[in-house]
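First comes the structure, then the notes that go with it.
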Amino acid sequence: MDLSHLLHNFLAPPVPFFFVGLLAILAKSDLEIPSQISKFISLYLLMAIGFKGGVELHHSGISSQVIIILFVSIIMALVVPVYSFYILRRKLDVANAAALAASFGSVSAVTFITASNILQTSGISYGGEMVAAMALMESPSIIIGVIMYRKLAAKKEETIGEHEHMGMKELFREAFLNGSIVVLLGSLLIGLLSNEKGMEIMQPFTGGIFKGMLSFFLLDMGVVAGKRISAIRQAGWFLVGFGILMPLINAGIGIGLSCLMGLDQGNSFMFTVLLASASYIAVPAAMRIAVPDANPGIYVPVALAITFPFNIIAGLPLYYWVLQCIHA
Amino acid sequence: MDLSHLLHNFLAPPVPFFFVGLLAILAKSDLEIPSQISKFISLYLLMAIGFKGGVELHHSGISSQVIIILFVSIIMALVVPVYSFYILRRKLDVANAAALAASFGSVSAVTFITASNILQTSGISYGGEMVAAMALMESPSIIIGVIMYRKLAAKKEETIGEHEHMGMKELFREAFLNGSIVVLLGSLLIGLLSNEKGMEIMQPFTGGIFKGMLSFFLLDMGVVAGKRISAIRQAGWFLVGFGILMPLINAGIGIGLSCLMGLDQGNSFMFTVLLASASYIAVPAAMRIAVPDANPGIYVPVALAITFPFNIIAGLPLYYWVLQCIHA
Amino acid sequence: MDLSHLLHNFLAPPVPFFFVGLLAILAKSDLEIPSQISKFISLYLLMAIGFKGGVELHHSGISSQVIIILFVSIIMALVVPVYSFYILRRKLDVANAAALAASFGSVSAVTFITASNILQTSGISYGGEMVAAMALMESPSIIIGVIMYRKLAAKKEETIGEHEHMGMKELFREAFLNGSIVVLLGSLLIGLLSNEKGMEIMQPFTGGIFKGMLSFFLLDMGVVAGKRISAIRQAGWFLVGFGILMPLINAGIGIGLSCLMGLDQGNSFMFTVLLASASYIAVPAAMRIAVPDANPGIYVPVALAITFPFNIIAGLPLYYWVLQCIHA
Amino acid sequence: MENDIKKIEIITDSTLQSRLVKVIDDTGVSGYTILKDVAGKGLKGDKDGHGISGGFKNCYIMICCDEHEAHKVVDAVKPIINTFGGICIVSDAHWVIHN
Amino acid sequence: MENDIKKIEIITDSTLQSRLVKVIDDTGVSGYTILKDVAGKGLKGDKDGHGISGGFKNCYIMICCDEHEAHKVVDAVKPIINTFGGICIVSDAHWVIHN
Amino acid sequence: MENDIKKIEIITDSTLQSRLVKVIDDTGVSGYTILKDVAGKGLKGDKDGHGISGGFKNCYIMICCDEHEAHKVVDAVKPIINTFGGICIVSDAHWVIHN
Ligand SMILES: Nc1ncnc2c1ncn2[C@@H]1O[C@H](COP(=O)(O)O)[C@@H](O)[C@H]1O
Ligand SMILES: Nc1ncnc2c1ncn2[C@@H]1O[C@H](COP(=O)(O)O)[C@@H](O)[C@H]1O
Ligand SMILES: Nc1ncnc2c1ncn2[C@@H]1O[C@H](COP(=O)(O)O)[C@@H](O)[C@H]1O
Ligand code: NA
Ligand code: NA
Ligand code: NA
């Protein structure tokens, strides 16, 4: 599949629905997806991708390469927020830098799923371990972000009353047991344990209607990105630049590491996408409580209205193309 | 397919679910479809019908007949509210007449979809341009309705404070950019641009589960119609008559115009249904603001609890039968 | 299919999703399924199971055995609450005993559906009349429960003002016309009247995505059961024992009656499951009003957090195994 | 600001909503406002507002009216709340706009 | 308890929400709270909050502010409510915490 | 009408709901009412109540209790609101019915 073919992919569903949502909001349409529906479709997508990943893993087995991938993924989820934090500190205060760094250390499931969709249309497969990697990369950066915030914003903490201070235990629970991760990991496990019959049985749900549900979700993402876009102007050029350059840098690192680990094209692409994407669901929800003096009006729009669309529009084709050149 | 065969269709899903909902409410059951679910399924139906229409249009291409159909559709969407208004003025005040006239100038997507379902079971196809026609017919009557209201209810307007008066720009936005139209047109465009692969990929979502989702929606329509039916008694016989005769008159005009345009049986049927149906979603929402002194307790039940069920039960089979006689 | 094969079934979706939900809550995850989504999926499941049951019944016709099954089912729905009540009275007051007895006289649709799923994976069929039996068994126990409460808690009633006292007519409406029953019966009827085409058309919706939707619902059931589980401790050991022994006793009676009626293995299993399951939807909703001084914090958790999981985990395999031994 | 009114707020089990609306309608007040998805806790235990099991959701009904009407509403609502549980509170407010 | 404030409550058709929010924002108040799924009944008939037909749902907007701001909000909101219907009431309350 | 009570209203980020409920439960009040889908705007920016991104939704908690309990609730809630933002207001009301 050459680049023109790839670009063509962006005219086929699901991706263009993102632009329908985005343009609708920019044109001041009243289009709105009910909030419980967003939640439902997001859980559905996690369930489907988790289950399919588990099934893949069941087929491939847990090789030493799988272990390496998972290990490197966790390491990167711990390292990315650290250097992101120091870059961000040049312009942001500790709280906001920590929150945004955590966001970039974590992953965006929808970016991952959209990427998997591109692979599928190109007839390239990827391993179930990438879904496991995604699950494992969601939370560590939350812990790192909070630790950096607590260490480096010492004075702030004093103002937080003793019993309001979130204990480490509570923090870990918040980070590792939020609903999204539980559904993703649970479905992965169930996929892993399912016999062939279980897979066939779930196919119309997890496979058949998947693209349609993803289209619907991307429509919704477009709406939300459109609503958050005005916040970008307040955020200023530094953050816009960060939201675009950071995924490129992380993707570069991802491509390098994939080569070192000897991953095939599919896995390389998915690993790169994990590094390049930023979380706008699990991380912001945790940061509201764990880093209360960060401003979600800053850190969410960067991940949601800059990095996410950038990845969808330009990043994914670019990473795909680079990896194809490497693997050709 | 003869008439008995056609009537038989009304015993197969999705249509009978409408009666389940209706009878449940008349028997005072507490059956209720959660409101966000209604919104979701309604967006789903628009997305599916839009996408399928776009795909059809992609196949057929945009011929001169397509242009003619779209042109005539818009003209009718502008003309129907005018004569409807003058009929309604015999009994209603300007505001209510304008609002109800706008409703009849516009279309009901669910009636259209139910009609498309009848064609499908009969093995007759219709062109994607009919979906485009539906999209184009949704809004013009809103503008016409508001203009008539403003011109003819001069005194009323004075009571509306200067800055409350909805500017023409805002009115156009309200009319042409409401969420339903955006999703319908966006999906149409995406269908139009999709390659074969995109179509296949969406099939289980936009095709497979479509009938089931429509069944669910008609169940909901039955519930809502049942709840609005008591308002009919207050509305009086004039409005009941209008709600039944107007679709018949408009269907007659539709059948005539189809013959003049030389449409095939499928397109004629869909065009007729567009003319015969009345809007109970986009138009009422716009009228609440644009014609604030009209009573939605009057104009919505006529479209929703009289014209819609009338079309579903008697209208569609009738129009189908007449057109079959003509095309036989 | 031997027992190991059967146990294997519990590792394939949908059942393990129940445990994901349950464990998530016990681990204090914030996992939550939006309430309107729960309602939607529950209506979906009823629509699908009703429609499929109707189609089955259409195929099999209404034989004398069907009549016998329906008759016996109603009788049992009237008898079970009576003996349950007297068992419960040993520890509970009249109101709570009546409410809980009504719950056990009625059925759990999700238990029924999960059971049907086991049969399907085992390649065993059951008749559409079992779905009809389920519909007929939902409500009678509500009436019986309320009658026992009113007869035996005479003093209580005096405190309830004249016009608050729910009339028999209102009670019957509440019992027989709640939304779930209407959708179930309506869909059954539509399935019964559908021609072959209607069935095929609905297949992707009522069949294809069914397992996936059930998985999602069981996830939700796990969450709710997890939340109600703490109430069990307050309920005490008597109720825990009741919640486990009662389904066993009723299942025993069900197996006996199935033999007497000469049912085949599939029908026997489904009939047994109907008797063994307890309602946590229709009955509690009716009891809130009809038996206002019963404590829903007692009677719901027994049905939802004890009997339901017990049946799913241990009951269904056990009943299945016993019936297989009998029919082998 | 302008007219003094009473604001009545009722919170009780959802299953009672239609019954309450009926008696409130009968008092002839000009309007009321309803919230359907209300969670909470009271003497009858936790209502987590969950969608699966029946009977764990509240409704909230608010009525603005003059003092005379308020007495009528309270009298109509009282027996229902007394029988089935829930709360009803009244506070003072002022109409600013109502047409 | 601490500072005296005014609590303004507005209930009207959902379609007016964005318009109201705009004029309220313009008054410079520090915040407001919105409920989107509100049913009810008033002079313009029943709003059953149903999802199918447009125009049968209310929104509820609540603003806490000092008396001076309250006058500004009421002046901004009044023409909208007067034109399109709905209610606006004001009552007294106290800030306990607000940072 | 009958007993004087205090009505406490708390609006803050949804993620704090379980934490608030816990401290409120500990004060021993007889009940509270919760709304889960609350939008709004405050010092911490817009909450459009959207379902996709975490942390853009509020919860609303209302407690009716006597003045003594009200002090306990406010004391319990204050540190949380002070740390994480949101508002807490108190107003006067009267029990009409409560059993
Ligand atoms: N003291 C209270 N303050 C606020 N809401 C209450 C209070 N007591 C009860 N409620 C509400 O009323 C509902 C029904 O109360 P009950 O019947 O006492 O369980 C509860 O679920 C709460 O939502
Ligand atoms: N007296 C009232 N008390 C409480 N809510 C009211 C009252 N009047 C109107 N409302 C609310 O305001 C909405 C719009 O009012 P209206 O424009 O008069 O129909 C109604 O649907 C109710 O939700
Ligand atoms: N002045 C106010 N009036 C009404 N609601 C407010 C006000 N200030 C804040 N809120 C609500 O409290 C939420 C959290 O406030 P904050 O933490 O200041 O952003 C907001 O999203 C609003 O829903
Ligand atoms: Na990342
Ligand atoms: Na029309
Ligand atoms: Na039973």
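Letters A, B, ... are given to chains in the order of the sequence lines, protein chains preceding strands, and every chain is numbered from 1. Small disclaimer: the values here were computed from a predicted structure and weren't measured.
Remark: K6(F) NZ to E69(F) CD distance equals 13.0 Å, nearest 0.5 Å. Taking OH of Y32(F) as the start and CD1 of I8(F) as the end, the distance is 13.5 Å to the nearest 0.5 Å.
At a 4.5 Å heavy-atom cutoff, I10(D) makes no contact with chain F through either its backbone or its side chain. For a residue to count as touching a neighbouring chain, one of its non-hydrogen atoms must lie under 4.5 Å from one of that chain's; by this rule K44(D) does not touch chain F. Heavy atoms of D37(F) lying under 4.5 Å from chain D are absent altogether. When heavy atoms are compared at a cutoff of 4.5 Å, I5(F) approaches chain D solely by way of its side chain, counted from C-beta outward.
At a threshold of 4.0 Å, the pair K41(D)-D25(F) counts as salt-bridged, since one of the basic side-chain nitrogens sits closer than that to a carboxylate oxygen.
At least one side-chain heavy atom of D13(D) sits under 4.5 Å from a side-chain heavy atom of K47(D).
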